[in-house]
Amino acid sequence: QVQLVESGGGLVQAGGSLRLFCVASGRTFSSYAMGWFRQALGKEREFVARISWSGGTTYYADSVKGRFTISRDKAKNTVYLQMNSLKPEDTAVYYCAAMRSFVSGKGDYWGQGTQVTVSS
């Protein structure tokens, strides 16, 4: 029932920044925790960050902690991922996910992904 569309990906040099956007529809956005995952070429999809339905609680993968910030604006049905101090190893397709449970850490609805490429 939830539809998710990511945007904001692109090409950036190492040390630079990008901000990803995820716009949700379906009138149930406020009931879900939201998260970001990523998948690099030849690798499995991995968890990046998630945020509770209220926006009051967040959790990050160790690989991005201190560099990435997840936030949400319920009025705009939008989730953000601010990505700073980007590294080449951050290169991946980034996916937005809606989660029925914050603690589960598992996506129930997914966007189509947006490409992030970080050059050396």
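Just so you know, these numbers come straight off a predicted model, no measurement behind them. Nothing fancy with the numbering, it's 1 onward along the sequence.
Counting all heavy atoms, side chain and backbone alike, N84 lies closest to S17 at OD1-OG, 2.9 Å. Taking both residues in full, the closest heavy atoms of P88 and A14 are given as CD-CB, 4.1 Å, listed atom of the first, atom of the second, then distance. W110 and R45 get closest at one heavy-atom pair: CE3-NH1, 3.1 Å. Shortest non-hydrogen contact noted between V79 and W36 is CG1-NE1, 3.7 Å. The two atoms that bring A33 and S101 nearest to each other are CB-C, 4.4 Å, heavy atoms only.
Note that NZ of K87 is 8.0 Å distant from OG of S85, once rounded to the nearest 0.5 Å. The OG atom of S25 sits 7.5 Å away from the CG atom of L4 when rounded to the nearest 0.5 Å.
Side-chain contact between M99 and K106 is absent, with no heavy atoms from C-beta onward closer than 4.5 Å. Looking at R72 and Y80, their side chains never come closer than 4.5 Å, going by heavy atoms from C-beta outward. Counting heavy atoms from C-beta on, the side chains of Q115 and T91 come closer than 4.5 Å. Residues M83 and Y94 meet the side-chain proximity criterion, which asks for heavy atoms closer than 4.5 Å. Between V64 and R38 the shortest side-chain heavy-atom distance falls below 4.5 Å. In this structure, R19 and L81 have side chains that are not in contact, with every pair of non-hydrogen atoms separated by 4.5 Å or more. Between L20 and T114, some side-chain heavy-atom pair lies under the 4.5 Å cut-off. The shortest side-chain heavy-atom distance between R67 and Y60 does not fall under the 4.5 Å cut-off.
If you check the side chains of Q39 and E46, you find no donor sitting under 3.5 Å from an acceptor. Looking only at atom types and distance, the side chain of R50 has no donor-acceptor partner in the side chain of Y59 under 3.5 Å away. Using a 3.5 Å distance cut-off with no hydrogens or angles, the side chains of T78 and D73 do not pair a donor with an acceptor.
Ring centers of F47 and F37: under 6.0 Å apart, within the cut-off.
Residue Q13 qualifies as open at atom CD: its count of foreign heavy atoms under 6.0 Å is 12 or below.
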